[in-house]
There are 2 protein chains.
Amino acid sequence: MNPVRPPRLVRSVIMDRDHPSGRGQATSKDVAAAAGVAQSTVSYVMTGKRSVTADVRRRVEKAMRDLDYHPNAGARALRGAKTNVIALAVHLGADADVGDTLPYIDTIVEEARNREYEVVLLTTDEGPGGLQRLAGRRVADAFVLMDVRTRDDRLATAADLGCPVVLFGRPADSHGLDAVDFDTGRAAALLVDELAYTGHRHIVVVGDSPEADALEFRFISEFHSSARVRAQERGVTIDIVHRESNGWAGFESVADRILVHRDDRLGIIARTPRVTEWVVQLARLHGLVLGRDVSVVALCTDSTAREFDPAITNVSPEPRELSRRAMGVLFERIVGDDQPPRLELVQPRGITRRGSTTDHGLSE
Amino acid sequence: MNPVRPPRLVRSVIMDRDHPSGRGQATSKDVAAAAGVAQSTVSYVMTGKRSVTADVRRRVEKAMRDLDYHPNAGARALRGAKTNVIALAVHLGADADVGDTLPYIDTIVEEARNREYEVVLLTTDEGPGGLQRLAGRRVADAFVLMDVRTRDDRLATAADLGCPVVLFGRPADSHGLDAVDFDTGRAAALLVDELAYTGHRHIVVVGDSPEADALEFRFISEFHSSARVRAQERGVTIDIVHRESNGWAGFESVADRILVHRDDRLGIIARTPRVTEWVVQLARLHGLVLGRDVSVVALCTDSTAREFDPAITNVSPEPRELSRRAMGVLFERIVGDDQPPRLELVQPRGITRRGSTTDHGLSE
DNA sequence: ATGAAAGCGCTAACAG
DNA sequence: CTGTTAGCGCTTTCAT
């Protein structure tokens with residue numbers, strides 16, 4: 001029986017070899033043997049750090065494919081003193097601002113992959129210890145720190161790690177580390193301008209975090225102060241409101257403050273996606289039609305803005321652009337450049353006018 | 001000058017040593033030398049695989065502290081054939097169900113840390129190739145696959161990796177892999193029961209994904225079919241509705257279907273946090289008071305349920321428990337157990353009655 | 001209870 | 001252009 005057998009599959013070939021026993025991986029030595037070259041040649045074919053005859057290269061590459069060869073990351077890291085892993089410290093706790101954090105992470109992973117890097121995850125809760133562990137054990141050789149607070153006890157440690165680090169946000173003292181940040185002040189100005197230009201006389205800024213957070217995160221305080229200044233310049237009144245406790249209840253309790261000027265060209269600025277949801281709900285609840293009785297603008301991604309009906313006039317915080325820039329800076333450091341520490345301040349792409357805003361006909 | 005100098009700091013001691021040059025890490029060899037023992041003894045102090053005199057142990061531990069020693073992960077992996085890294089494949093794309101995905105990841109990272117494991121991140125988009133890369137290069141030696149579809153092309157590959165894998169979800173063919181899943185059918189039954197017991201006569205199930213998704217993810221179709229069966233058993237009418245296109249608009253267009261029975265003891269089941277938000281909005285928009293004119297129950301975490309006012313009667317999908325169970329199964333495989341593949345079906349902890357439901361006085 | 005020594009898989013001198 | 005060789009830092013026999 002079975003007089004005619006199909007050609008054996010690659011996998012079988014591997015299984016039959018005696019050196020890379022059973023399930024074990026083929027090593028560069030096996031590849032070298034199969035291709036009839038030295039182990040170092042295999043290495044040079046991979047790294048391109050030495051020129052190799054076309055013929056030899058072909059033989060090596062074929063052997064790699066036949067044996068399903070993958071270089072062992074541990075051995076590489078050990079020898080090369082380079083792990084090709086970056087550590088990403090991000091806040092994942094129960095109180096994480098779930099709204100727009102995934103696109104940041106997604107883009108970071110993507111950018112890392114484009115450069116043949118892996119990403120290990122680290123929670124902000126682990127604090128400085130986590131950084132030390134990963135750097136000390138040589139698991140990662142570059143770090144991305146998200147959710148950086150104005151004063152952040154991870155920074156002194158991070159600066160001492162002796163390897164590239166990039167921050168999301170602008171701490172009071174950056175300890176000589178590179179950082180990227182979104183120009184939230186500029187975003188606030190754009191949002192205020194939009195409301196002022198379309199003839200609104202009163203502006204209320206609504207945030208979802210207690211006042212205390214404004215001190216911890218610069219992007220919050222900066223948003224507030226910039227909005228305040230701009231409103232003054234534009235000659236419109238402004239009030240800054242945030243919820244008093246968690247949940248809708250803590251938000252509803254400040255409803256009066258939000259809606260005081262509901263009958264006199266009121267424009268509301270929502271600082272996060274979640275708060276946008278609430279503001280929309282609040283308006284509906286009070287029988288106010290968005291884009292007619294009251295205007296709402298928000299700092300949120302375009303995709304979030306479009307989820308509403310009417311869609312919300314918005315400025316995007318550009319999560320993907322921010323992550324791309326951060327990774328750009330990080331990899332420049334990795335290849336080793338000695339520039340002084342850099343701050344990349346990402347500008348809003350602009351404001352997108354959608355259905356949630358009225359034009360009171362007073363535009364300049 | 002400087003007649004009295006303070007005792008030198010640990011760091012200086014390191015810097016002064018000549019072997020671990022400059023910024024370089026101290027190695028176990030350095031520790032051994034400093035403690036006056038063999039390198040192997042240092043190793044045994046760490047692993048505990050051989051008994052060590054209390055005195056020797058103390059000396060070694062002191063040397064480790066003095067030199068700020070951290071074992072090199074690459075070297076360990078190389079020698080020990082164990083990376084102490086698990087790979088987490090998760091969907092992070094633009095369409096990710098942002099709602100409740102962070103708690104899963106948070107708990108996975110936490111559980112990994114408790115067992116001295118690191119977590120590398122992998123996007124679902126990378127498909128089977130990502131798994132092969134990480135396993136082949138020996139970056140990770142165990143895998144967690146989230147967002148598993150009914151038919152998922154990563155599974156055949158995953159099963160062939162030759163290392164522990166655990167799935168979130170129940171594919172049509174699990175390829176002999178372990179899996180954990182939430183009993184969404186039971187959850188649907190609980191939600192229907194709650195509405196039936198409190199005297200509702202019509203139930204509408206609202207989902208946020210198009211019908212097509214129900215085929216891809218078992219938890220969706222199972223939720224629907226279980227709800228349907230249970231409603232029949234309880235003698236109440238049921239309709240299953242989902243939005244027709246993205247955003248609020250696609251949702252509002254099915255508003256009529258949702259609210260047909262608004263005047264006759266209507267109970268609405270929201271299948272996700274996001275859809276809960278919308279249903280609440282829709283009700284308000286139509287002047288219906290939650291817990292009086294209409295009842296809303298949801299499949300969402302307790303913390304999400306409490307965000308609303310009135311709080312929403314809910315069944316939690318238990319993200320943290322699910323992750324804990326998954327990691328439990330995974331680590332049992334890692335220490336090597338030869339049980340047949342397991343499916344851990346996590347039961348809902350129960351339903352929590354809150355303000356969003358009316359009791360029509362017909363409870364049994 | 002401890003030491004000495006071999007070697008995991010790779011890269012980078014050093015030789016030709 | 002290619003081969004030979006010496007480790008990277010650790011764990012684990014094998015000896016004592």
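Below, all heavy atoms of this structure are taken into account, side chains as well, without hydrogens, waters or symmetry copies.
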Below 3.5 Å between N/O atoms, which protein atoms pair up with nucleotides 12-16 of chain D? Just atom names and distances, please.
residue	atom	partner	partner atom	Å
D:dT12	OP2	B:Lys49	NZ	3.2

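Atom P of nucleotide D:dG9 and atom CZ of A:Arg138 are separated by 9 Å, given to the nearest angstrom. Atom-to-atom, CG of A:Asn84 to P of C:dC10 comes out at 14 Å; the value is rounded to the nearest Å. Atom OH in A:Tyr69 sits roughly 7 Å away from atom C1' in C:dG9 (whole-Å rounding). As a whole-Å value, the separation of A:Leu78 CG from C:dC8 C1' is 9 Å. Between the NZ atom of A:Lys82 and the P atom of C:dC10 there is a distance of 16 Å, rounded to whole Å. Atom P of nucleotide C:dG7 and atom NZ of A:Lys29 are separated by 9 Å, given to the nearest angstrom. Nucleotide C:dG9 holds its P atom 16 Å from the CG atom of B:Asn72, rounded to whole Å.
Results of the side-chain hydrogen bond (donor to acceptor under 3.5 Å, both in side chains) test with A:Glu126 over A:Arg154, A:Gln132, A:Arg133 single out A:Arg133 as the only residue that passes.
Residues passing the ring-ring contact (aromatic ring centres under 6.0 Å, His included) test with B:Phe331, sequence neighbours excluded: B:Tyr117.
Residue contacts shown for A:Val42 are absent, as no nucleic acid heavy atom lies under 4.0 Å away. Across all strands, B:Val52 comes closer than 4.0 Å only to sugar-phosphate atoms, never to a base (heavy-atom distances).
Under the 3.5 Å distance criterion, the side-chain polar atoms of B:Asp147 are left unmatched by any main-chain donor or acceptor of B:Val90.
Proximity of B:Met327 to B:Asn114: side-chain heavy atoms (C-beta onward) are nowhere separated by under 4.5 Å.
Under a cut-off of 6.0 angstrom, the local environment of CZ in A:Arg115 is crowded, with over 12 non-hydrogen atoms contributed by other residues, nucleotides or ligands.
For the helix from C:dA1-D:dT16 to C:dG16-D:dC1, the rotation axes defined at the first and last 5 base pairs enclose an angle of 40°, given to the nearest 10°.
Using a cut-off of 4.0 Å between Lys/Arg side-chain N and Asp/Glu carboxylate O, B:Glu321 and B:Arg325 are scored as salt-bridged.
For the atom pair CZ of B:Arg170 and CG of B:Leu343, the computed distance is 6.0 Å after rounding to the nearest 0.5 Å. Rounding to the nearest 0.5 Å gives a distance of 8.5 Å between CG of B:Asp178 and CD of B:Glu344.
Closest to the side chain of A:Ser28, from the set C:dC10, C:dA4, D:dC10, is C:dC10. The B:Val37 side chain lies nearest to C:dG3 when the options are C:dG3, C:dT2, C:dG9. Checked against C:dA1, D:dG3, C:dA4, the side chain of B:Ser51 finds its nearest nucleotide in C:dA1.
Put simply, B:Arg76 has no side-chain N or O that comes within less than 4.0 Å of OP1 or OP2 on D:dG9.
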Subject >> B:Arg137 and A:Glu118: CA distance, side-chain angles, deciding distance, salt bridge (charged side-chain N to carboxylate O under 4.0 Å, His left out) verdict >> reply: CA-CA 11 Å; B:Arg137 313 187 95 129; A:Glu118 306 295 341; 5.9 Å; no
